[in-house]
Every structure is written in structure tokens, then in C-alpha cells.
Amino acid sequence: MGRIAVFIDRDGTINKESGYIDRPDMIELIPGSAEAIKIINGMGLNAVVVTNQSGIGRSYFKEESLREVHRRLKEILMEEGAYIDAIYYCPHHPDDGCDCRKPMPGLLKKAASELDIDLCSSYVVGDKISDLILAQNVGAKGILVRTGYGSGVIEANNKKEVVPDLVTEDLLSAVKWIKEDIKKY
Amino acid sequence: MNFDFFADMITINPDQIRKILVRGVNWIGDAVLTTPALSAIRKEFPGATIHLLAKRPVAELLGKDPGIDRIMVYEIHGRHQGPLGRIKLVEEIKNGSFDMAILLQNAFEAALITFLSAIPIRCGYNTDGRGSLLNLPVPCTKETLGLHQVYYYLNLVRSISSREYKSEPLLRITGEEEAWAEELLNRSGCIGRPVIGINPGSTYGPAKRWPIERFAMLSDILIEQHNARVIIFGGPGEKELGAKIAGLMKEAPLDLTGETSIRELMALIRRCDLFITNDSGPMHIAAAFNVPIVAIFGPTDHKTTSPFGDGHIILRKDVRCSPCLLRECPADHECMESITADEVIDAAERQIKRKKDKRAWEESLSS
């Protein structure tokens, strides 16, 4: 059996939602994010960021700018003792019809094969419906956080198109729940 | 960003800048895409009054922009025409005693005028051989040139700042303008019907135009399918184009080509439920007001001038010669001809469905 990962959405889940983030200085952590990732590290799970970055496909910024943003994200988390195992991003325009833009499972499948991850024992945490559908698409558990766009999603999801395994305040409370949930297995 | 480049140039203290002259760009569409840069200038120099030097249409477009305090109209066909006119312009700028000039427009002349006007700090991209006229030149790399225009302009301001500004193109209209548009639409048979704007022209030249017969056919079908009211928009030079389309249609559209001022155009486009357009200034106006767009691209580069934001549909064909950026097609205009009416209708239907779904969603939230 492969390893278990917590797949974490980036904007609105780890760092504050701020439109298209194309410069390192625009990254601002949501309080508790670093502590949450530290707990994931401590449990021996993989902390993997999965993010849609269509700003590249839209020519708003270059891949190199995104790499700088990600270097900075890792750096500020590291300063607080939190470690990201990997960051996977989809650079495509929504109209490109790629298989990696969330909720398509491409990024997770790539991570699964590269990092030897057992997707159906893993978790996806995010602030959008697409994160929940992504979880459903690979058989992982989906957790919706109220940070970022999350609180809007919770109200709007009254048609119950996807049922989250948990709706919670933020990444930190999500990870605390995972810590308990994982003991059941 | 590395600021060493400016080490031997000039350093600016935003608090000491009291009066800024911004040379705006010349085209309406480009001007919409400079609005994030304008708002960044405002934030970077909170204590400065900001004067915009621009030709009349752009001056009108941005006249009520919160990033601008005063407008200086560049009367290129009027009092600023010719060498004597330019001298007059230089005199007028000199009288303004500006502390700084920021050149959004890329042209040698823009730099020359601010140089001759003796504005102490002159900032702009280091293009068009004007590096020596600027004392705060910003290098324009190949990478910068490949970016969407919104970021191209915004990055100019970011490179003289230590802050990272973000923004989306934003236009504003007044309550009065809004009421005027509402009243016009109400007495033009738009009540209770979805309003679809079509923009069949393009000031730049005919190469950007999709065949008008197809615009007419598309309009007929959308009227039939959705009880839509179709408005034809266009500039003063496009009246004939509008009349031709109207003549081909089964139900008379509201043909406003050449009838609207820039401000009126903005207020009316804002009220559209859908905007079907060539790559043009009105397209960018629609995007700034978050009106769903179906944009038909031919000879221009959809990467750098696409409508900014989410949810717009861009139709284009990968033909060998595109983007050529020519005003007139020297060949068979394949880039535009190969986009069928059916494809555009299909895209319009998708936008209408999306808008309906969104409305149902919002209604479910409020109930």
C-alpha cells in the first residue's frame, strides 16, 4: 500500500485569496496554515499542494514567476517548521480541455505515481466545490474549509451536488480532524 | 525585482511627488487594460494629483476614473497639430510644473515631449529608442512583451515600486449615466428581454472583422431562440456596417453605430446580458463590466489582448498566418472566414446557459 497524503489547495486554503498571485510578496499565510502542515509532517503523511494556475495559460504571468511564488511559499512555511513535500500545479487555460485542471484528477494521479501515494486513503482540503469533486473523482475524502471562497460555497451548495466528508473552519481544524479520522484505519 | 539597474539613475521618494503627468495610451481597448496600472499609480503616490494626457476618446473613457484627478486632452487634430502645436503642448505641460511623468504609451514622442517639458522624473519602458530621454527607464524584456497587456502596464508601475499591486480592469459610470442607459433601453423594446450587444466593427481595420452576414444570421437566431433584443454597437465610421447588418435581419435591431459617445457606449454595454464582438475596444469595455463575452479573434494575438477575467469565450482558428497584426488582409482572410456562424451561436448558447445557471444559483442563495 502506498503512502497517505493530504492534498491541499493553495489560494484561500494555505494562503489568503488574492486574485492572480504572480509575485512572491503577494503570498500571505492564513493563520494556522503552518501549524497544520507541521502536524501533517508529524503524522508521517505527505503534504502536497495542488493548485490551478490558469494565469499562466492566460499569459498573465510566466511559469518562472510562479516558481518564485512557490519558492517563497515553501520558505515562509519552512520558517515556521512546516514542510511541503511537493507542489503540483495546472498551468492551463480553462478552455484548453486538459486533464489536470481541478476537478480533473491529473495532478493527483501524477503525484500518486511519483510519490507512491494511495489516493483512496488520502485527503483533499480546499475552499471550492472543485476540490470536493476532485476528492470524489479519486476516491479520497474531501474537506471544505470556510476560508477563501469556502463560506460562499457552503451556502451555495444547497443542491448537494457533492457531499463533503467534513466542513470546517480552516486548514488547521481540517488537519486536526484528519488526525482523529486516520486512527480508525 | 532587482533595482540595481536604477542605481546610477534616479531614486524617487513617493512622498515628495506632488504632481504626476501620466501619458495615456491611444486606443480605447488598450486604455481599459491600463486601469490596473492607473490604480497602482494612485496607491503608490497617495499624496500626488494625477493628470492624464490622452487623446479625446481615451480622455472620455477614463474621465471619471478614480485613479485620475485631471484630464489634459491631447488635441492631435486640433491645437496640438503639427510642430507648432507640439510646442504649444510642451508649453502647457511646462506650466503644469509636474514632478514626474509616467509614460504608459510607448512612443518616442511621448518621451520627447516630457523631456522638452523639463519634467524632472521621466519613467517609461525603455523601448522605441527613447532610453536617453527617460531618467527612470524600465527595461522591457521579451518576457514582458509576451504578457497580457494588463500585466504589461501594471508591471511598469510595479517595477518602480516596492509593493506588488494587483487589480482587474475597472471602469466606472455615474448613476446619471446608468439611468440614461436604462431609460433608453426601456423605450427601445428591451423590457423583459435579454439584451445582446453585437460589435461587428473594429477601428483598427477590416482584418479584425468577422463577416457581417454572419452577424446578421446569428442575431436572427438568438432573437428567435431567446426573445433577445439585439443592439448593434460601433463607432462613427461604422454606420454603413451597422445599417447593412440591420438590413439583413428579420427583426429590426437597435442600431446604435455611430450614435453613442464613449460614455454612453460604456453605460449601454454594461447593461448587456451578452456581448458578441470582434477584438476591439468595446470588447474590453464589456470585460471591465463583467459582461459575458463571445470574442471572435482573427489577425490579433489572443494571448496578450484577450478580454481580461474569467468566463469569456474566445473563438479563433489556428491558421498559418495568424496572428499577423495587419489592418487589412492581403490573402483570403482565412482566420475570420473559417469561424462559422454555428460556432459563434454555440458559444453564445453556452454563455446564455451559464448566465441562467448563475442566476438560478444566486436566487437559491437569496431565498
Okay, side chain of [X], backbone of [Y]: is any donor-acceptor separation there less than 3.5 Å?
X        : Y        : result
B/Asp30  : B/Trp27  : no
B/Thr35  : B/Leu170 : yes
A/Asp165 : A/Gly142 : yes
A/Ser33  : A/Leu29  : no
B/Tyr125 : B/Tyr152 : yes

What parts of residues 286-309 of chain B touch chain A if we use heavy atoms and a cut-off under 4.5 Å?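 B/Lys303, B/Pro307, B/Phe308, B/Gly309, listed by number.
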Which residues in residues 141-151 of chain B have any heavy atom closer than 4.5 Å to a heavy atom of chain A?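 Contacts with chain A: B/Glu143, B/Gly146, B/Leu147, B/His148, B/Tyr151.
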Would you please say whether a donor-acceptor pair under 3.5 Å links the side chains of [X] and [Y]?
X        : Y        : result
A/Tyr88  : A/Glu114 : yes
B/Thr340 : B/Glu343 : yes
A/Asp127 : A/Thr147 : no
A/Asp181 : A/Tyr123 : yes

Lys/Arg-Asp/Glu bridge criterion (N-O < 4.0 Å) met for [X], [Y]:
X        : Y        : answer
B/Asp279 : B/Lys208 : yes
A/Asp99  : A/Arg101 : no
A/Glu180 : A/Lys183 : yes
B/Arg158 : B/Glu164 : yes
B/Lys355 : B/Asp273 : yes

Run A/Asp22 and A/Leu66 through side-chain contact (heavy atoms from CB on, under 4.5 Å) and show every step you take. CA-CA 6 Å; A/Asp22 64 326; A/Leu66 183 67; over 6 Å; no
Determine which residues belonging to residues 70-85 of chain A lie within contact range of chain B, meaning some heavy atom pair is under 4.5 Å apart, and list them by number or answer 'none'.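 From residues 70-85 of chain A, none sit under 4.5 Å of chain B.
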In residues 7-17 of chain A, which residues are in contact with chain B at a heavy-atom separation under 4.5 Å?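 Answer by number: none.
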Would you mind telling me which of B/Ser162, B/Ser161, B/Ser39 makes a side-chain hydrogen bond (donor to acceptor under 3.5 Å, both in side chains) with B/Glu44?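 The residue from B/Ser162, B/Ser161, B/Ser39 that satisfies side-chain hydrogen bond (donor to acceptor under 3.5 Å, both in side chains) with B/Glu44 turns out to be B/Ser161.
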Of the non-hydrogen atoms in A/Pro103 and A/Ser130, which two are nearest, and what is the gap between them?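 Looking at all heavy atoms of both residues, the shortest contact is CB-O, 3.3 Å.
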Check each atom of A/Ser54 against the heavy atoms of chain B and say whether the ones under 4.5 Å are side chain, backbone, both or neither.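 No part of A/Ser54 comes within 4.5 Å of chain B.
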